Amino acid sequence: MPRIFNINGACRTGRHYMVKLESRLCEIKIMIDNGDYFTINKARQYGKTTTLRALVDFLKEDYLVISLDFQNIESAEFMSGDSFVHALAREIGKKIRNRVDVPEDIKKRLLNLADIALKNVRMAEMFDCFSEWCGDSEKPIVLLIDEVDTAANNQIFLDFLAQLRAAYLDRDETPTFQSVILAGVYDVRNLKYKIRPDADHKVNSPWNIAADFNITMHFSVKDISGMLEEYKKDHQTSMDIKELSGLLYDYTSGYPYLVSRLCKFMDEEIAGTEHFPDKSSAWTKKGFLEAVKLLTSDNNTLFQSLTGKLAEYPMLRTVLYELLFTGKQIPYVPQNQYIEMAAMFGFIKNRGGTAVIANRIFETVLYNLFISEEFATSKMYDAGAREGSQFIVGGHLNVRRVLEKFVETFDDLYGDRDETFLEDVGRRYFMLFLKPIINGVGNCYVEAETRSRERMDLVIDYRGEQSVIEMKVWRGNAYHERGEKQLSEYLDHFHLKKGYMLSFNFNKKKEVGVKEIVLGDKLLIEATV
């Protein structure tokens, strides 16, 4: 069977296009060799399961690896000590049933512990079995447990972690596992978001023995390039691997699911269409931007999970809204529970001590979500939707006309409002105006490096063409001239000769309207409201 880009479950060598995992597996093995117990906490669909499965094979020469998935244990089996011991013994028993390197008496003890007819069984009995097994085993034993989130909302799981911790602390005297690796979204070192007995948060640190896991899990440009090399060889395409791998990384920051999803769109849905008749035409910048459009309008389980967290944690929503629309600089302070939560769920990352949205795809999805909630009541959105047809000429977006009409509409509706109003909502209103104009055909995103209270560079992708609009708050002529120079330099990055500037000016004597400015070899179209 030909290989495909996989977005469902773990990737498998020979069946799926994959990045090479050897370097990170070697780093993980060093931790295991050191006897570390640790967690792999990453957002949904970040390659945790794929990594764990590859790790099992990678370690087999040196270790006896027991790999479990807590999704195979029913929720009711976490409700009591008896039922949990039965279920855990059952799952381990299935893994070792046919292994000749596990003593028969250990198999029998686990089979006995799995018998639901056995009443009042204590977790300590299971750990006695583990200790004997670890002492007799020819190879050190490594325990891997995936999807620990399944169990992380009850006391039994805490008891299990406490037993593992006690065995770890006593390992100089009593044999125990060489290493224990727990994988999931929530960090089990701090379960306050999952454990809520009697409706109160309960803060726990049952896993304070865990070593820090600082191994990179996202895909680098090099990782992506290697995967595309294999695809190019299989399909004999003429793709520019350097360009495509750079674009994939720029838009996703290497988030594994997003990279694979975009590749899958280009391979399976875009190639063979009217505008992209073959794979070579699909694997281009225009084909990539078409894939971005499909992805950001997709209602996949990852996006559903992310947006669901906003309803569950309203303050998290507020933090993200401030980041996106106001340009407020929010320090990345991991001790702040909302910063910690946003990072844990994959919404944000740390850039030089400042919290930023994790990638352009998430940013676009969040913009679309927040703006969509204002469709029904927004006069600016209505104006953009009502006037939409005049902005598309010969299939191209007339950005100058967009700015002219926005200035006219904004001045009519809000020209007499105060400075605070303009500074807080001006740029959001432009995006509300723009959204129905490009909806279904184009996308836009804000460059994270330029987002501040003073300046945001908005990049519009429309039918494979890109336009850059610097949205800024007027801070005087000197600052304004620096902004023009910055925009000119930014246009060089996009290989563009024409750029746009939208200034929100609080000066009572300002000249509202649109004008042209020639700066070197660049033409700047500047709109002022």
Side-chain angles (χ1 to χ4, degrees), residues 27-44 46 48-49 51-52 55 63 65-73 75 77-79 81 84-85 87-88 91-92 122-124 126-127 130-131 134 140-197 200-215 217 334-337 339-346:
E27 291 185 75
I28 296 173
K29 185 176 183 296
I30 290 173
M31 296 184 71
I32 293 170
D33 292 342
N34 291 337
D36 290 336
Y37 285 29
F38 56 95
T39 60
I40 300 178
N41 301 115
K42 289 295 178 183
R44 293 290 179 201
Y46 214 94
K48 298 183 294 295
T49 300
T51 300
L52 288 182
L55 189 61
Y63 296 102
V65 184
I66 305 301
S67 179
L68 307 178
D69 186 334
F70 268 4
Q71 288 188 124
N72 293 326
I73 298 179
S75 57
E77 293 177 316
F78 289 105
M79 295 297 103
F84 177 70
V85 170
L88 187 60
E91 294 304 311
I92 295 176
R122 296 181 302 115
M123 202 174 295
M126 170 166 283
F127 276 83
F130 291 161
S131 182
C134 291
I141 301 175
V142 176
L143 178 65
L144 313 182
I145 305 179
D146 198 8
E147 298 292 346
V148 293
D149 299 57
T150 306
N153 60 349
N154 58 73
Q155 186 61 43
I156 297 301
F157 181 64
L158 296 183
D159 295 342
F160 175 64
L161 292 182
Q163 290 281 348
L164 286 172
R165 177 180 181 275
Y168 173 88
L169 294 175
D170 194 41
R171 59 183 177 171
D172 288 339
E173 304 295 331
T174 306
T176 190
F177 299 114
Q178 167 73 16
S179 178
V180 176
I181 305 171
L182 309 179
V185 174
Y186 289 86
D187 188 343
V188 296
R189 290 177 298 182
N190 191 341
L191 299 175
K192 58 180 176 286
Y193 306 126
K194 293 290 284 182
I195 305 244
R196 295 189 180 96
D200 290 327
H201 286 297
K202 180 177 180 181
V203 179
N204 299 279
S205 297
W207 203 234
N208 56 10
I209 57 169
D212 291 333
F213 183 81
N214 297 318
I215 296 169
M217 294 282 285
Q335 292 77 22
N336 180 302
Q337 64 171 322
I339 296 298
E340 178 193 22
M341 190 186 305
M344 182 172 64
F345 294 143

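Values reported hereafter were calculated over all heavy atoms of this structure, with side chains retained and with hydrogens, waters and symmetry mates removed. As the structure is a prediction and not an experimental result, all values here were calculated from the model.
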Chemist: Give me the atom names and distance for the closest heavy-atom approach of I156 to M79.
Modeler: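 Smallest heavy-atom distance, with atoms named: CG1-C, 4.0 Å.
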Chemist: Only pairs at least two apart or in different chains count here, so list each side chain to side chain donor-acceptor pair (under 3.5 Å) that has a residue in residues 174-184.
Modeler: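 For residues 174-184, and leaving out neighbouring residues, the side chain to side chain donor-acceptor pair (under 3.5 Å) pairs sorted by first residue read D170-T174.
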Chemist: At what distance, to the nearest 0.5 angstrom, does CG of D146 lie from CG of D69?
Modeler: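 Here the interatomic distance stands at 5.0 Å.
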Chemist: Given the rule in the side chain to side chain contact (heavy atoms under 4.5 Å, CB included) test, do V148 and T39 qualify, once you have shown the distances and angles that lead to the verdict?
Modeler: CA-CA 10 Å; V148 293; T39 60; over 6 Å; no
Chemist: To the closest 0.5 Å, what do you measure between OH (Y63) and CD1 (I32)?
Modeler: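 Output value for this atom pair is 6.5 Å.
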Chemist: Does anything in residues 29-43 pair up under salt bridge (Lys or Arg N to Asp or Glu O under 4.0 Å), and if so which pairs, sequence neighbours excluded?
Modeler: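 Every pair satisfying salt bridge (Lys or Arg N to Asp or Glu O under 4.0 Å) with a residue in residues 29-43: K29-D33, K29-D62.
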Chemist: Which atoms form the tightest heavy-atom contact between V185 and M344, and what is the distance?
Modeler: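 Looking at all heavy atoms of both residues, the closest pair is O-CG, 3.3 Å.
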Chemist: Over 60° means perpendicular and under 30° means parallel, so tell me whether F130 and F177 are parallel, tilted or perpendicular.
Modeler: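 The rings of F130 and F177 sit tilted, inter-plane angle from 30° to 60°.
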Chemist: Between CE of M126 and CZ of F84, what distance do you get to the nearest 0.5 Å?
Modeler: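 Here the interatomic distance stands at 7.5 Å.
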Chemist: Distance check, rounded to the nearest 0.5 Å: E77 atom CD versus N72 atom CG?
Modeler: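 CG of N72 is found 10.0 Å from CD of E77.
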Chemist: Mind checking whether I28 and F213 have side chains closer than 4.5 Å, heavy atoms only?
Modeler: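 Of all side-chain heavy-atom pairs linking F213 with I28, at least one is under 4.5 Å.
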Chemist: With side chains defined as the heavy atoms from C-beta onward, is the minimum distance between L88 and L68 less than 4.5 Å?
Modeler: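 They are in contact (side-chain heavy atoms under 4.5 Å apart), so the answer is yes.
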Chemist: Go through the steps for L182 and W207 under the test side chain to side chain contact (heavy atoms under 4.5 Å, CB included), then give the verdict.
Modeler: CA-CA 10 Å; L182 309 179; W207 203 234; 3.7 Å; yes
Chemist: Can you name the closest pair of heavy atoms from L52 and A183 and give their distance?
Modeler: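 Minimum heavy-atom contact is CD1-CB, 3.6 Å.
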Chemist: How close do I209 and L164 get, heavy atom to heavy atom, and via which atoms?
Modeler: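 Reported closest heavy-atom pair: CD1-O, 4.5 Å.
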Chemist: What about the rings of F157 and F78, do their centers lie closer together than 6.0 Å?
Modeler: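 When the ring centroids of F157 and F78 are compared, they turn out to be at least 6.0 Å apart.
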Chemist: Please name the pair of heavy atoms, one in D212 and one in M31, separated by the smallest distance, quoted to 0.1 Å.
Modeler: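 For D212 and M31, the tightest heavy-atom pair comes out as O-CE, 3.4 Å.
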Chemist: Within the structure provided, determine whether L161 and Y37 are in side-chain contact (heavy-atom separation under 4.5 Å).
Modeler: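 They are not in side-chain contact.
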Chemist: Hey, what's the ring geometry for F160 with F127, parallel, tilted or perpendicular (30° and 60° as the breaks)?
Modeler: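 The rings of F160 and F127 sit tilted, inter-plane angle from 30° to 60°.
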Chemist: So how far is it from I145 CD1 to I40 CD1, rounded to the nearest 0.5 Å?
Modeler: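 Reported to 0.5 Å precision, the distance equals 12.0 Å.
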Chemist: Looking at every non-hydrogen atom in both residues, tell me the closest pair between M217 and K48 and how far apart they are.
Modeler: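 Heavy-atom minimum between the residues: CE-CA, 4.1 Å.
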Chemist: Rounded to the nearest 0.5 Å, what separation is found between the CD1 atom of I215 and the CZ atom of F38?
Modeler: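 Answer for the CD1-CZ pair, I215 versus F38, is 6.5 Å.
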